[in-house]
Number of protein chains: 2
Amino acid sequence: MLKKPTLEHILEALEQADTLEGMQTASVALRDHLDVWHIAYHWVDSAGDQYGCGTYSIEWQQRYMAQNYQRLDPVIIGCYQRFHPVDWKQLDWSSKAARAFQKEAIEYGIGNQGFSVPIRGPNGQFALFTVNDSCDDAAWAHFTEKHRRELILVAHYFNEKALYFEPDRVADPVQPLSPREVDAMTLLAIGYNRAQAADTLSISEHTLRVYIESARFKLGAMNTTHAVARALSRGLIVV
Amino acid sequence: MLKKPTLEHILEALEQADTLEGMQTASVALRDHLDVWHIAYHWVDSAGDQYGCGTYSIEWQQRYMAQNYQRLDPVIIGCYQRFHPVDWKQLDWSSKAARAFQKEAIEYGIGNQGFSVPIRGPNGQFALFTVNDSCDDAAWAHFTEKHRRELILVAHYFNEKALYFEPDRVADPVQPLSPREVDAMTLLAIGYNRAQAADTLSISEHTLRVYIESARFKLGAMNTTHAVARALSRGLIVV
DNA sequence: ACTGACCTCACTATTATTGGGGAGTAGAAA
DNA sequence: TTTCTACTCCCCAATAATAGTGAGGTCAGT
């Protein structure tokens, strides 16, 4: 490189990106900027789909996906229940499968040190942003301490871009529910049965049913449970 | 004030905080640093509990909670499905309830301009970090453009601290669902009835019921609809 | 070899929910 | 003024859900 791009430049380039290659370019630039082995952004979908970008070798990415390693990768498992960024050393590598996985990763050119930022979006979307390197513990601790804040920020920007590229999020036109329908859906979503919900709203159970039915039609739902699920995932109610 | 603290100082003070008052102090310091009317961090809990900190008046906070305004607050509703920080102007204030809410908020000393950052943690935890002020649109657009990145970062730090203070709320019913339970919840959430779901999974309806029941138990849900709603809002299933 | 978690299936009984109907009010919008 | 939407109430028969009981199998980890 003639000149290292600043973090500002990288973030701006990332903001401007309108293809996946833009994210790829940004991850390479960031790797050079931070002078580490690897940068990786990895979207983990509970449907099993996944995609990502980063500087891991194609071979490792293919191997990872072919083997469905996200099911046993301690980084994925460990981050899934966390909010805080995590150093790989803090994770649970005790199982035999995990150690075998780590050994194989290193053979594929992954460094022994890692720092991963879990990121979440709407509807349970989950992704990881990872910095990877090979060095001793003290140097790594120093690095993560120094760059923690910018890594969080960059992780956020990567995920923002990824959500932008994911088409599902901008789809369905939302027909709004009436206030009473929102009440009904909300109470059902927090576990009330019809009698309790009707009582809470001070209306008859029959009336409550009318709201449930009309909400069901508006939401195009096949039954009450479906209606509540749709109301939730469309953000029409907050529980 | 003798001297405005820098953002670095505020973040460091926040990191050091080991009581809720520390968050409160940080929000006041941040308000002064940014020279805005209000800073607010607001945890929206699936149990209906909520807490937060910030510079809103006690009266407004009490009013908000007493009226369960999180159910109709366009900021909450609008941010819930988003990942990106959002300017309040982009939200849907068209309903009568929303306008009445806004009017009342202004009477309680809330400014007309707002910028909210949605934040998510494990198990569907959701919170908002908001900056509020009163100024014209151009000035506000300039402000949000200028401070966007640091606001994202600060939002993250506030939530990190909040999760640290309230581990129970996240850790409480952490039990993950088994694969079959996830299948069952997912199929119910997309509108299948038991017969269809059982057929889809190629198991008997009796067996399906066992999964629904065990998922319901794990989720601490009172009925099937509640279980599906919880699975959704905790991000255990994606529809 | 044992423990525990998961997957699969069956029975009985009671209670709750659903999906069809229909009908009248009030208030806002056209 | 008419029309529309939201809100309120009611019946009935069929279906779904709940709460117990039980059993037997696999598979991973200690």
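Below, read A as the first sequence line, B as the second, and so on, with proteins coming before strands; counting in each chain starts at 1. This structure is a prediction, so every number in the text was calculated from the model and none was measured.
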Rounded to whole Å, CD of E213(A) lies from P of dC12(D) at a distance of 18 Å
H226(A) NE2 to dG19(C) P, in whole Å, measures 12 Å
Check: Can you find a donor-acceptor pair, distance only, under 3.5 Å between R180(A) side chain and dT8(D) base?
Finding: no
ask   = According to the interplanar angle, ranging from 0 to 90°, do the rings of F129(A) and F158(A) count as parallel (below 30°), tilted (30 to 60°) or perpendicular (above 60°)?
value = tilted
Comparing N223(A) with S202(B), nearest DNA chain C nucleotide closer to 5' gives the residue S202(B)
For this session: Ignoring backbone atoms, establish whether S178(A) has a side-chain N or O less than 4.0 Å from OP1 or OP2 of dT5(D).
Result: no
Do any side-chain nitrogens or oxygens of Y211(A) fall under 4.0 Å of OP1 or OP2 in dT8(D)? yes
| Pair N159(B)-Y41(B), side-chain donor/acceptor within less than 3.5 Å | yes
Each nucleotide N or O in nucleotides 21-26 of chain D that has a protein N or O under 3.5 Å away: list the pair and distance.
none

Exercise for review: Look at all strands and tell whether S204(A) reaches a base, only sugar-phosphate, or nothing, counting heavy atoms closer than 4.0 Å.
Suggested key: sugar-phosphate
Rounded to whole Å, the NE2-P distance (H206(B) to dA10(C)) equals 5 Å
* Do the ring planes of W60(B) and Y64(B) sit parallel (below 30°), tilted (30 to 60°) or perpendicular (above 60°)? -> perpendicular
### Message
Classify R209(B) by what it touches in the nucleic acid, base, sugar-phosphate, or nothing, heavy-atom distance under 4.0 Å.
### Response
base
What one should report as the nearest heavy-atom pair of N223(A) and Y192(B) is ND2-O, 4.0 Å
Winner on side-chain proximity to P179(A), out of dC7(D), dA19(D), dC9(D), is dC7(D)
Assert: residue with more 5' nearest nucleotide on DNA chain C, out of Y192(A) and I203(B), is I203(B)
L208(B) atom CG is separated from dC7(C) atom P, nearest whole Å, by 12 Å
Task: Y69(A) and F101(A) aromatic ring geometry - parallel, tilted or perpendicular at 30°/60° bounds - done: perpendicular
* Asked: Just checking R194(A): base, sugar-phosphate only, or nothing, at a heavy-atom cut-off of under 4.0 Å?
  -> base
Separation of dT15(D) atom P from E205(B) atom CD, nearest Å, is 12 Å
* To do: Give a yes/no on whether any side-chain N or O of K218(B) is located under 4.0 angstrom from OP1 or OP2 of dC6(C).
  => yes
How is T224(A) classified with respect to the nucleic acid when contacts are heavy atoms under 4.0 Å: base, sugar-phosphate, or nothing? sugar-phosphate
Can you confirm whether more than 12 heavy atoms, excluding those of E107(A), are under 6.0 Å from its CD atom? yes
* Is there a donor-acceptor contact under 3.5 Å linking the side chains of E181(A) and S214(A)? -> yes
Open item on the list: Can you tell me if T207(B) touches the phosphate of dC7(C), counting only side-chain N or O atoms and a distance under 4.0 Å to OP1 or OP2?
Closed with: no
Does E15(B) form a salt bridge (Lys or Arg N to Asp or Glu O under 4.0 Å) with K161(B)? I'd like the steps, not just the answer. CA-CA 7 Å; E15(B) 269 185 324; K161(B) 226 5 134 177; over 6 Å; no
Bend of the helix from dA1(C)-dT30(D) to dA30(C)-dT1(D) from end-axis comparison, five pairs per end, nearest 10°, comes to 70°
Here the distance between atom P of dA16(D) and atom CG of D199(B), to the nearest Å, is 13 Å
ask   = Is a side-chain donor-acceptor pair under 3.5 Å present for N112(B) with Q102(B)?
value = no
Rounded to whole Å, CG of L188(B) lies from P of dT17(C) at a distance of 16 Å
If we count only N and O atoms by modelled type, under 3.5 Å, do the side chains of T225(A) and T225(B) hold a donor and an acceptor together? yes
To the nearest angstrom, the CD1-P distance between I212(B) and dA19(D) comes to 13 Å
